[in-house]
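Whatever order the structure lists them in is the order used to number ligands and atoms, beginning at 1. Residue numbers start at 1 and run along the sequence shown.
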Amino acid sequence: MEIMARKIDPRTIALVGGTGNQGPPLAVRWALAGNRVLIGSRSPEKAQSVAEELNATLKSLGCDAKIGFGLNEEVVDEADIVVLTIPFEGLEQTLEKLRDRIKPGTLVVSPIVPIELKEKEIKLIRLEKGSVAEIVAERLPQAEVVATLHTVSANLLANYAKPIEKDVIVCGSRRTARRKGMVLVEQVPRLTAVDGGALSNAHIVEEFTFLLISMGRINRRPNLGFRLC
Ligand SMILES: NC(=O)c1ccc[n+]([C@@H]2O[C@H](COP(=O)([O-])OP(=O)(O)OC[C@H]3O[C@@H](n4cnc5c(N)ncnc54)[C@H](OP(=O)(O)O)[C@@H]3O)[C@@H](O)[C@H]2O)c1
């Protein structure tokens, strides 16, 4: 079993809305790699309960690390890296709350796919700004923003015993930010980060992810991802 990632220079990573589907398995993966990880939420009780569950998971995987928790605006205060694991519908309100709490130079990661779920139907939201990641960059000018992890499903991330043999595109306005995003992605065993260039390319990845989700539904193949060759 390949559970532990290669050890790297540890960071403090805050997952905003880290209580849903995507946040918890990412938190475990990054804690296993040796980072300090914090679960953020709009509710301190919910953050605590999820962090306690994840600490039990880590223990069962043979890892003594402890994941911390707090309100979204508290955990970002302490973070070198902030990951926005929230649905698109909550973005503007969340960024408004976090705007003055995120330190200059923080790496902010957007895996957000601009979709809305209406009953069982999934719809792509077309954005005037181009992409979700560009909205984030505009609202948080002090941050370095990267768009990545859209195409890795929470189900695959939560299967800690199974390596994820997929490629992941990382877009970002600056090469240094993209490099940091690529290091973060590759802390998940066997995921390969691919430099996707400027943040203006992020809309292509966001829309492609919508296509993957739609194809997964039509073809009854959930968790579709891709490998470039
Ligand atoms: N799920 C996947 O497989 C997957 C894969 C790739 C990318 N993504 C992207 O990752 C993001 C998170 O996905 P997810 O499936 O984890 O989402 P989710 O489970 O629906 O929501 C994650 C958390 O976001 C917070 N939240 C919900 N509505 C909110 C609102 N209106 N305002 C502020 N916070 C809100 C909630 O935390 P609190 O109630 O604790 O605040 C919730 O637990 C999405 O943008 C999605 O497109 C998901």
Self-check item: Within residues 169-221 or reaching into it, pairs that qualify as ring-ring contact (aromatic ring centres under 6.0 Å, His included) - sequence neighbours excluded
Solution: F208-F226
Exercise. Kindly tell me which protein residues have any non-hydrogen atom under 4.0 angstrom away from an atom of ligand 1, grouped by chain and ordered by number?
Key: G17, T19, G20, N21, Q22, S41, R42, K46, T85, I86, P87, G90, T94, P111, I112, V113, L149, H150, V152, S153, A154
Side chains of residues 106-127: which donor-acceptor pairs under 3.5 Å do they make with residues two or more places apart or in other chains?
{"residue": "T106", "atom": "OG1", "partner": "K103", "partner atom": "N", "Å": "3.4"}
{"residue": "T106", "atom": "OG1", "partner": "K103", "partner atom": "O", "Å": "2.6"}
{"residue": "S110", "atom": "OG", "partner": "I112", "partner atom": "N", "Å": "3.3"}

Show me, pair by pair, the donor-acceptor contacts under 3.5 angstrom made by side chains of residues 71-81, not counting sequence neighbours?
{"residue": "N72", "atom": "OD1", "partner": "G17", "partner atom": "N", "Å": "3.1"}
{"residue": "N72", "atom": "OD1", "partner": "S41", "partner atom": "N", "Å": "2.8"}
{"residue": "E74", "atom": "OE1", "partner": "L71", "partner atom": "N", "Å": "3.1"}
{"residue": "D77", "atom": "OD1", "partner": "R101", "partner atom": "NE", "Å": "3.3"}
{"residue": "D77", "atom": "OD2", "partner": "R101", "partner atom": "NE", "Å": "3.3"}
{"residue": "D77", "atom": "OD2", "partner": "R101", "partner atom": "NH2", "Å": "2.7"}
{"residue": "E78", "atom": "OE1", "partner": "R36", "partner atom": "NH1", "Å": "3.2"}
{"residue": "E78", "atom": "OE1", "partner": "R36", "partner atom": "NH2", "Å": "2.5"}
{"residue": "D80", "atom": "OD2", "partner": "T12", "partner atom": "N", "Å": "2.8"}

Exercise. Heavy atoms only: give me the nearest L26-L15 pair and the separation to one decimal.
Key: CB-CD2, 4.2 Å
Quiz item: Would I13 and I67 show up in the same hydrophobic cluster when neighbours are defined by side-chain heavy atoms closer than 4.5 Å?
Solution: yes
Exercise. Identify which one of I164, L184, V37 satisfies the side chain to side chain contact (heavy atoms under 4.5 Å, CB included) criterion when paired with R29.
Key: I164
